[in-house]
Structures are given as structure tokens and as C-alpha cells.
Amino acid sequence: MSFDTQQASLAQWLQRLEALHPSEIELGLARISRVAERLDCLRPAPLVILVGGTNGKGTTSALLSALLQAQGLTVGLYCSPHIHRYNERVQVNGREVSDADLCAGFRAVEAARGETSLTYFEFGTLAALHWFKQQQLDACVLEIGLGGRLDAVNIVDADISVVTSIGLDHQAWLGDTVEQIGYEKAGIARAGRWLVCGQPQPPATVRATAKTLGAHWCGRDDDFFVQPDGNQLQVRFRQHNQTQQWQLPAAHIPYPNVATAIQTLALLERLPDQATVAAVVQQLRVAGRLQHFVRQQNGQRLQLTLDVAHNEQAAAYIGQQLGRVDGIILGMLADKDPAAVLAALPQTEQLLVVGLDCPRGLSAAQLAERIGSAVLLTQAETVAAAMQQLPDHGHWLVCGSFYTVEAALAVLEQEAEQWNCI
């Protein structure tokens with residue numbers, strides 16, 4: 001049966017993209033670059049910011065976009081993966097792209113690619129860049145999907161590149177050591193332009209790669225600094241060859257990402273004034289990142305914290321922020337390290353492992369087997385089933401994957417009258 005590109009719905013297009021290429025990931029830029037040149041979308045906006053890293057890409061990208069919007073600019077944001085809808089990946093000034101516009105983008109890519117094979121992510125990236133090019137944007141913030149050097153998003157002509165952090169993740173594609181992964185992450189640097197690194201004391205390969213590519217280096221704890229101080233953040237950064245020191249309200253996103261975003265915009269001479277930055281930092285929330293909900297019933301208070309934390313580095317940050325919780329609902333993918341993640345998470349006496357019905361998802365039994373019996377462990381087949389087992393009081397953490405958080409948010413939406421986001 002032939003595929004009708006003119007009449008296909010977004011769901012039909014996404015189903016088609018999943019079947020077009022035999023591999024979920026095929027690293028390399030030659031194929032996608034050829035199609036991008038035909039679409040003329042390698043420069044989707046006058047200002048292009050590229051954001052990579054193991055953790056912190058999503059919150060840093062969201063903050064960069066919000067700070068640019070606060071200056072009256074029209075800003076495109078490309079991020080992945082999504083939590084609720086594919087449309088979340090492509091936004092302009094916080095508004096998600098419509099189904100119709102996504103389908104139009106897919107049709108444009110289909111027409112331009114000819115016989116060139118594209119993965120699901122490559123096809124979606126090209127559609128996003130093509131649509132951004134049509135929107136007369138002032139700026140575009142593009143989040144790297146996986147790795148950096150050979151990631152589809154790295155085809156663009158970027159004005160500045162950001163590496164938020166370097167940790168062990170996606171080893172099957174990026175390498176087994178932080179040195180190898182650092183090399184891949186730093187591969188988004190550009191000759192004669194800044195590479196901002198939010199990782200203190202990064203692997204030597206990060207700075208060496210930036211130097212080899214001819215980029216200018218700006219590193220945390222070398223050139224900019226951040227320190228939490230109670231309910232405030234102390235941030236020092238470079239601007240116009242001078243050191244600025246600001247005091248900002250504590251953020252709902254990781255404080256290193258706040259400093260990294262500020263330093264990035266300062267280097268671009270696009271940083272708003274301190275009061276504007278403080279207001280944006282205080283207001284910004286990013287779905288699935290330290291997201292807090294409270295249910296109060298019959299004098300009992302239950303708090304849920306949701307975070308996608310799916311690797312050891314992200315789990316360690318959550319552990320630092322929360323310290324201890326009454327219980328954890330954990331669901332993970334097969335290519336992660338559950339034991340290392342659990343060891344880094346907040347201390348708890350109750351662990352409820354769940355199965356994920358998705359590609360690479362571990363069943364509850366598989367996850368329990370890989371973790372062992374370090375804590376009192378129970379199982380549930382789904383996140384929804386686990387949520388029904390929650391007590392009436394205490395503080396529980398839900399984490400381990402975007403899929404885990406997506407399922408939890410779906411339950412919270414169904415029970416919206418019971419829960420308040422704080």
C-alpha cells in the first residue's frame with residue numbers, strides 16, 4: 001500500500017519514519033548534510049546556539065531560549081526526546097509546532113531526500129530545521145540528541161557551542177570511558193567560535209578537541225563560577241573582558257546550567273540585565289526535571305518528585321538535592337546501569353521497580369534482577385500500577401527514564417484534581 005504524503009496524519013508520518021531505516025541510530029553526517037543542503041536549512045536563524053552534553057542539555061536549552069525571548073526575540077527551540085507529544089521537540093517562543101506544520105516539514109524532507117536513507121531522528125531534525133528557516137527567527141537553540149560530533153544536529157552553522165556535562169552514557173555508540181565520550185561531546189566546537197563547558201575539570205580530551213578544532217575555550221571553574229548560597233546563587237562570569245558577579249534566586253533547574261547559560265549569552269553579547277535574568281530563572285520550570293507535586297487528603301501530605309535521571313551523573317545530582325526520600329519508583333531502559341543509578345540516588349528504604357513497555361524497556365523482573373536486593377524491593381508491571389500503591393504521606397521520587405516520567409505525568413493528569421504542582 002502506497003503512502004499518501006499529502007493526506008497522512010502526524011501519527012502516520014511518525015509510524016512511517018520508524019520503519020524507513022533499519023537502525024534507530026546511524027552515526028555520521030554525510031547523508032543528512034546532503035539533504036540539508038538541498039533544503040537550505042544549515043543556517044536556520046541569524047543566531048544559532050548548539051547545546052550538547054551528557055546531562056543538563058534540556059534545562060540549559062530551555063533557559064537559553066527563555067532568556068532570549070525575554071529580550072523580545074523570536075526563538076526556535078529544538079529538543080529531544082519528548083514527554084507527552086512529538087510536537088514538544090519543535091517550538092517557537094514556547095509554542096509547540098502544529099501537526100500540520102510538522103507534516104509539511106516531513107513532506108519537504110521526503111521530497112528532498114531522494115534515495116538517501118534517513119533515520120527517525122535525522123528525518124525529524126531536518127523537518128525542524130526546515131520549518132525554523134521559514135519562521136523568520138531571531139535565534140535558534142538546538143539540543144544535540146546523542147553524542148555530538150556525529151549527531152544529526154551538528155550539521156548546522158553554529159555561532160557558539162555548549163557542552164553542559166560529560167559522563168558515562170550511551171557507551172555502545174560513544175565509547176566506554178569519559179575521555180572517549182568527552183571527545184565526542186566536544187566535536188560540536190567550531191573554529192574561531194566559543195565552546196562553553198559547564199563541567200568542572202572535564203576530561204582532557206574535551207579541551208584538546210576544542211583546541212584541535214580551533215575553538216575558543218570557556219570553562220566552568222576556569223572562566224566562570226557558580227556557588228549555591230542558601231536560597232541564592234552566586235554567579236561569576238566573563239562579559240566584555242571583565243568579571244561580573246551576580247546574586248540570583250535559587251533555580252528550579254540545576255544551578256550549573258544557570259551559570260552555563262548566563263556565560264553563553266554573555267559571550268554572545270545577548271545577556272539581559274540582572275533583574276530580567278533573576279525573574280526568568282525564578283519562573284522557569286522544565287517538565288520532568290525536579291518537578292514537584294503534592295497531594296493533601298484527610299490531613300495527610302504526599303509529595304512526588306519527578307526527574308528523568310537515567311544515568312549515574314544525573315542520579316548523583318538528584319541525590320545531592322534531595323538527600324533522602326521515603327521511597328523511589330524506578331523504571332529503566334536495558335542499555336543503562338540500574339545498580340549505579342540506584343547507588344547515586346537519594347537514600348531510601350523502599351524501592352518500587354516498574355516495567356517499561358517501550359523499545360529497550362526493562363520489565364520489572366529484569367530490573368529487579370539487575371539491581372539485586374540492596375534495599376527492600378517490590379515490583380509493579382507498570383508505572384500506573386506503582387502509583388496506585390503509593391502511601392498517603394511522605395516523599396517519593398519517580399525517575400529512571402523519560403518513559404517513566406511520561407507515564408507518571410499521565411497518571412497525575414488523570415488525577416489532576418488531587419495534585420498540585422509546586
Side-chain angles (χ1 to χ4, degrees), residues 5-6 8-10 13-14 17 32-52 57-113 118 120-145 151-162 188 190 193 261 264-265 268-272 280 284 286-287:
T5 61
Q6 297 300 316
S9 66
L10 176 57
W13 266 109
L14 294 176
L17 300 192
I32 187 173
S33 293
R34 287 196 299 269
V35 183
E37 288 172 359
R38 296 171 197 157
L39 289 167
D40 187 28
C41 62
L42 291 170
R43 183 73 176 173
L47 173 62
V48 178
I49 303 175
L50 200 52
V51 183
K57 299 186 296 292
T59 50
T60 303
S61 296
L63 181 54
L64 286 166
S65 176
L67 290 171
L68 290 168
Q69 289 174 57
Q71 301 170 66
L73 302 182
T74 302
V75 186
L77 173 63
Y78 181 58
C79 54
S80 65
H82 58 276
I83 291 181
H84 297 291
R85 298 168 299 279
Y86 186 92
N87 311 58
E88 297 168 21
R89 299 181 179 217
V90 187
Q91 303 176 24
V92 170
N93 281 9
R95 296 187 302 275
E96 298 171 8
V97 63
S98 68
D99 287 10
D101 284 337
L102 272 175
C103 291
F106 291 148
R107 287 195 296 271
V109 176
E110 180 70 10
R113 76 180 181 92
L118 296 170
Y120 176 97
F121 185 73
E122 291 169 339
F123 211 109
T125 297
L126 286 169
L129 295 176
H130 174 73
W131 187 70
F132 284 149
K133 186 69 181 290
Q134 317 306 311
Q135 303 311 302
Q136 298 183 325
L137 303 175
D138 297 308
C140 202
V141 181
L142 306 174
E143 179 187 336
I144 291 287
D151 185 89
V153 183
N154 198 34
I155 60 173
V156 298
D157 177 16
D159 295 282
I160 195 166
S161 301
V162 180
I188 65 173
R190 299 290 188 268
R193 297 177 182 178
T264 299
L265 293 184
L268 290 169
E269 299 185 4
R270 280 293 188 178
L271 183 65
V280 171
L284 185 67
V286 180

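FYI, the numbering just counts along the sequence from 1.
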Looking only at heavy atoms, what is the nearest atom pair of Pro44 and Leu137, with distance? O-CD1, 4.3 Å
Heavy-atom side-chain proximity of Tyr78 to Val153 below 4.5 angstrom: yes
Side chain to side chain, Leu64 and Val75, heavy atoms closer than 4.5 Å: no
Can you confirm whether Leu142 sits close enough to Cys140 that some side-chain heavy atom of one is under 4.5 Å from a side-chain heavy atom of the other? yes
Is a side-chain donor or acceptor of Arg95 paired with a backbone partner of Val97 at a separation under 3.5 angstrom? no
Run through Ile160, Asp157, Leu268 and flag the one making a side-chain contact (heavy atoms from CB on, under 4.5 Å) with Arg193. Asp157
Does the side chain of His82 come within less than 4.5 Å of Asn87's, by heavy atoms? no
With a 4.0 Å cut-off on N to O distance, would you call Asp138 and Arg270 a salt bridge? no
Which heavy atom in Val109 sits nearest to a heavy atom in Ala127, and how many Å separate them? CG2-N, 3.5 Å
Would you please name every residue forming a ring pair (Phe, Tyr, Trp, His ring centres under 6.0 Å) with Trp13, sequence neighbours left out? Phe3, Phe106
Under 4.5 Å between any side-chain heavy atoms of Asp40 and Lys133, yes or no? yes
Distance-only, no hydrogens or angles: does the Arg43 side chain make a donor-acceptor pair with backbone N or O of Val156 under 3.5 Å? no
Write out all pairs satisfying salt bridge (Lys or Arg N to Asp or Glu O under 4.0 Å) with one or both partners inside residues 76-94, taking only residues at least two apart or from two chains. Arg85-Glu96
Ignoring hydrogens, what is the shortest heavy-atom contact between Ile83 and Ala287? Give both atom names and the distance. CD1-O, 3.5 Å
Val286 and Leu63, any side-chain heavy atoms less than 4.5 Å apart: no
Identify the heavy atoms of Gly105 and His130 that sit nearest to each other, and give their distance. CA-CD2, 4.4 Å
Would you say that Ile49 contacts Leu265 through its side chain, given a criterion of any heavy-atom pair below 4.5 Å between the two side chains? yes
Any heavy-atom pair between the side chains of Leu68 and Ser65 that's under 4.5 Å? no
I'd like to know if Arg113 pairs up with Glu110 as an ion pair, taking the criterion as any Lys NZ or Arg NE/NH1/NH2 lying under 4.0 Å from an Asp or Glu carboxylate oxygen. yes
